[in-house]
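Written out below as C-alpha cells is the structure these notes cover.
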Amino acid sequence: MPVSIHPKTQEAIDLFLNGADCLSRASQFGFKIDLDKLSESKLECKKVLDSIESEIREIDIYKDWESEYGNKLSYEANDQILFLLKKRGYTWDKVTKKGKDAVDKEVLTKIDIPFTQKLLRWRKFNKLLNTYFRGIEAETINGYVHTNFLLHSTVSGRSSSTDPNFQNMPIRDKEQGKYIRSLIVPRGGCHIVELDYKALEVYIATCYHRDPTMIKYNTDPTTDMHRDASMDLFKVPIEEMSDKIRYFGKNKFVFPVFYGSIPENCAKALWESVDGCALKNGTPLRLHLNQNGLADYDSFLAHVKSVYNKFWNERFAVYTKWKEKWYWKYRDNGYFDSYTGFRYSGEMKRNAVLNYPIQGSAFHCQLWSFCEITKRLDKLGMKSRLIGQIHDSIIANVPECELEAYIKLAKEIMTKELMAHWKWIIVPLEVEADVSPVNCSWFEKKKYKI
DNA sequence: TGTTCATGG
DNA sequence: TATCCATGAACA
C-alpha cells in the first residue's frame, strides 16, 4: 500500500485549508528582486565559469580525454570524470546508492589535485548559474518572484516550494549565499525579517517521547546535549571542549543518531573529523586521543559503540522506550496519528515511522503560526507581509516603522499563543530573529536582539 | 525515465 | 533494517 497522509480531525483540515490560503497570499505578494544586481552578478558568474574552464583545459588530466576521444569533456558527465581519475590511478571507497564509484564533492575534495579543485569550483558556479540565477530569472515578473508553496507533495506532512524553490537558497557557502541572497531585497523602506524556531524538531520530539533527560536539556540553558555527547565521544573534559569538537559531535553523531544512524557509520565520519581539531588548551585532538587509549580506529569504533549504547540505553532510556512503543503500535495498526491530527498510513520503514510525526508536527507548528500572523497583521491593519517560510522559519517584508511591533507580535504567536493552542507542547519553544538593514538584501541579515 | 549530484531544513 | 525530508539540473 502506498504511503499516505490524511487530516483526521476538523482542526487538521482547517490547518491545511488556512495554510493553503495564507501560503498562496505570500506567493501572490511575492519577493522583490534587485534586477540590476541580477544581470551584473550573472555576468560575473559567467566570467568566473569561463576562466575556470580555460584553466581546466590546461591540465594534463583533461588533455587525456581529448587525446583519447577527440571531443570535449563534459564536466557534468560523472562517467567521464570517473574514467579519467581511475586512469590516473586514484582509488576510493565511496559508492553511490546503486554501487558505482561516487564522484561527488566528498570524493573530489579528498583527491585534492588541481583538476579536482577546479572541477569543484566549476560545479559550484555552474550550480549558481543554471539552477539559481536561471530559476529566479525565469520566474521574475515585473521585478517580483511568486514562488509556490505546496502542502500536498511530501510524505511527512511538511511543505515544499517550487519555481523557484525558496527553501534551498544557498547559505552554508558564504560565496554562493552572497550571489543569490543579495538578489532578494525588501520593498522600499522595509526590512527582511526572518524568525527561526530554535531546534524545533528536537523540541517537538520531546513532546512525543517526554524523556526527562531531554526535557531538562530543552529547559535548562546551562545544559547542552551536543557538548555532553562530544565530551563522551572524544573523552574531552568540559573545560577543554572547543566549538569545533562540539560541531563534529553534533553533526556527525547526535543528529545522525536521532535520524536512525548506527555507531559503525558515525565512527567513520568522526574519525575523519579528528585532524584539524584541538582542545581549548591547544592540544591536537589526535594527540589527546592517542594519550587516552584511542590511538587506532578499532579502539575508537569500540568506544563510539559504547557511547552510543550509553546515549540510548542510559541517557535517553525513555526516548528509546517510546521509539519501541511507537513503532510496534504502527506495526499493529498499519498507521499512526500525529498530535496535530494527521493520520499516516501505508508501508513505512522503521526510521520513517519514528521521524515523520516529528518532522510533520514541527512544520505544523510553523504553519499554524504562519496563518495566525497573517490573520493578525490584517486585523491590526499593519503593512508587514509574510513572503515565505522554510520549514522552521518565517520570512517577512516589514516596514521600518513596524519592525519592533512585528517581531513582538510574531514572536508572541510563535511561542506563547502556539503553546496555548496545542497543550501537548510541553517544552518552551524559542525563536531567534534575523533582520536585514532597511532596503538591504536577505544576505545582509543580522542577529537581532529581541 | 532513473540515477547522481548539489542546494536547503 | 541500518541518516529523515524536499526540488532541480544534466546525463545516459
Side-chain angles (χ1 to χ4, degrees), chain A residues 3 5 73-82 94-109 119-136 138-139 147-173 175-177 179-181 194 196-202 204-205 251-266 268-269 308 323 327 331 344 347-363 366 388-395:
Chain A
V3 177
I5 172 170
L73 174 76
S74 167
Y75 305 108
E76 279 185 304
N78 295 320
D79 293 350
Q80 296 177 18
I81 303 298
L82 181 63
K94 190 173 180 189
V95 292
T96 66
K97 218 163 65 181
K98 294 286 172 187
K100 290 199 290 186
D101 291 304
V103 267
D104 62 6
K105 182 150 76 177
E106 188 191 329
V107 168
L108 296 181
T109 303
L119 189 60
L120 283 167
R121 201 156 169 75
W122 184 90
R123 281 188 181 175
K124 186 166 143 177
F125 280 85
N126 184 58
K127 179 80 174 169
L128 283 175
L129 206 58
N130 288 326
T131 298
Y132 296 108
F133 281 114
R134 190 205 276 181
I136 289 169
E139 300 296 339
T147 258
N148 303 305
F149 291 105
L150 311 180
L151 287 175
H152 66 272
S153 75
T154 71
V155 289
S156 63
R158 264 191 180 178
S159 68
S160 67
S161 166
T162 68
D163 304 300
N165 183 348
F166 184 72
Q167 298 177 323
N168 73 346
M169 301 296 191
I171 189 168
R172 297 175 193 170
D173 181 297
E175 191 181 23
Q176 275 181 315
Y179 270 109
I180 301 306
R181 291 183 181 231
E194 180 163 2
D196 271 84
Y197 279 105
K198 187 183 158 205
L200 183 60
E201 280 191 27
V202 173
I204 296 307
N251 293 302
K252 304 287 176 188
F253 183 83
V254 178
F255 280 137
V257 154
F258 281 154
Y259 287 132
S261 187
I262 53 177
E264 286 79 358
N265 294 341
C266 299
K268 226 192 210 170
Y308 177 91
K323 290 200 295 186
Y327 179 61
R331 290 293 297 258
Y344 298 71
E347 209 174 299
M348 287 172 269
K349 292 179 185 173
R350 186 174 190 274
N351 283 343
V353 172
L354 300 177
N355 285 322
Y356 291 175
I358 294 165
Q359 192 171 98
S361 300
F363 168 67
Q366 189 261 103
Q389 51 80 24
I390 313 180
H391 312 304
D392 60 0
S393 81
I394 292 173
I395 297 100

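In what follows, chains are A, B, ... by sequence order, proteins preceding strands, each numbered from 1.
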Q) Heavy atoms under 4.0 Å, any strand shown: does A:K124 hit a base, just sugar-phosphate, or nothing? A) nothing

Q.
Mind checking if A:N355 touches a base, just sugar-phosphate, or nothing, with heavy atoms under 4.0 Å?
A. sugar-phosphate

Q: Using a strict 4.0 Å threshold on nitrogen-to-oxygen distance, state whether A:R158 and A:E201 make a salt bridge.
A: yes

**Q.** Contact under 4.0 Å: A:S160 side-chain N or O vs C:dT7 OP1/OP2
**A.** yes

Q.
Does any part of the side chain of A:I81, heavy atoms only, come nearer than 4.5 Å to the side chain of A:L73, both counted from C-beta?
A. yes

Q: Please report, rounded to the nearest Å, how far the P atom of C:dA6 is from the CD atom of A:Q366.
A: 17 Å

Q. Contact class for A:F166 (heavy atom, under 4.0 Å): base, sugar-phosphate, or nothing?
A. nothing

(Q) Under 5.5 Å centre to centre and under 30° between planes: does that hold for A:Y259 and the six-membered base ring of C:dT3? (A) no

Q: Report yes if the side chains of A:E175 and A:L128 come closer than 4.5 Å at any heavy-atom pair, otherwise no.
A: no

Q.
Does either side chain, that of A:N355 or that of A:N351, offer a donor lying less than 3.5 Å from an acceptor on the other one?
A. no

Q.
Using OP1 and OP2 only, check whether a side-chain N or O of A:S156 sits under 4.0 Å from C:dC5.
A. no

**Q.** Rounded distance in Å between the P positions of C:dT7 and C:dT3
**A.** 23 Å

Q. Is A:K98 touching bases, backbone alone, or none of the nucleic acid, heavy atoms closer than 4.0 Å?
A. sugar-phosphate

Q) Are A:Y132 and B:dT7 close enough that a side-chain N or O sits under 4.0 Å from OP1 or OP2? A) no

(Q) Whole angstroms only, please: what is the CZ-C1' distance between A:F125 and B:dA6? (A) 15 Å

Q. Within the pair A:T96 and B:dT4, is there a side-chain N or O less than 4.0 Å away from OP1 or OP2?
A. yes

Q: May I ask you to say what A:D79 touches in the nucleic acid, namely base, sugar-phosphate or nothing, with a heavy-atom cut-off under 4.0 Å?
A: sugar-phosphate

(Q) Could you check whether atom NZ of A:K349 has more than 12 heavy atoms from other residues, nucleotides or ligands sitting under 6.0 Å from it? (A) no

Q.
OP1 or OP2 of B:dT4 versus the side-chain N and O atoms of A:K97: is any pair under 4.0 Å?
A. no

Q) Base, sugar-phosphate alone, or nothing: which one does A:S161 contact when heavy atoms must sit under 4.0 Å apart? A) sugar-phosphate

Q: Classify the nucleic acid contact of A:I171 as base, sugar-phosphate or nothing, counting any heavy atom under 4.0 Å across all strands shown.
A: sugar-phosphate

Q. Can you find a donor-acceptor N/O pair under 3.5 angstrom joining the side chain of A:N168 to the base of B:dT7?
A. yes

Q: Taking the side chain as every heavy atom from C-beta outward, state whether A:Y344 and A:V3 have any pair of such atoms under 4.5 Å apart.
A: no

Q: Respond yes when some side-chain nitrogen or oxygen of A:S153 is under 4.0 Å from OP1 or OP2 of C:dT7, and no when none is.
A: yes

Q. Tell me: CD of A:E201 to P of C:dT3, nearest whole Å?
A. 17 Å

Q) Given C:dA10, is OP1 or OP2 found less than 4.0 Å from the side-chain N or O atoms of A:N130? A) yes

Q. Does a side-chain N or O from A:N265 land closer than 4.0 Å to OP1 or OP2 of C:dT3, or not?
A. yes

Q) When all nucleic acid strands are considered with a 4.0 Å heavy-atom cut-off, which category describes A:A352: base, sugar-phosphate, or nothing? A) nothing

(Q) Any base atoms under 4.0 Å from A:R172, or only sugar-phosphate, or nothing? Heavy atoms, all strands. (A) base

Q.
With a cut-off of less than 4.0 Å, is there a side-chain N or O of A:R134 near OP1 or OP2 of C:dA10?
A. yes

(Q) Which is more 5' along DNA chain C, the nucleotide nearest A:P164 or the one nearest A:R158? Just name the residue. (A) A:R158

Q) Do A:L119 and A:Y75 pass the side-chain contact (heavy atoms from CB on, under 4.5 Å) test, and can you show the C-alpha distance, the side-chain angles, and the key distance before you say yes or no? A) CA-CA 7 Å; A:L119 189 60; A:Y75 305 108; 4.0 Å; yes

Q. Reckon A:Q359 touches a base, only the sugar-phosphate, or nothing at all at heavy-atom distances under 4.0 Å?
A. base

Q) Heavy atoms under 4.0 Å, any strand shown: does A:V103 hit a base, just sugar-phosphate, or nothing? A) sugar-phosphate

Q: Under 4.0 Å between any heavy atoms, over every strand shown, what does A:Q176 touch: base, sugar-phosphate, or nothing? Just pick one.
A: sugar-phosphate

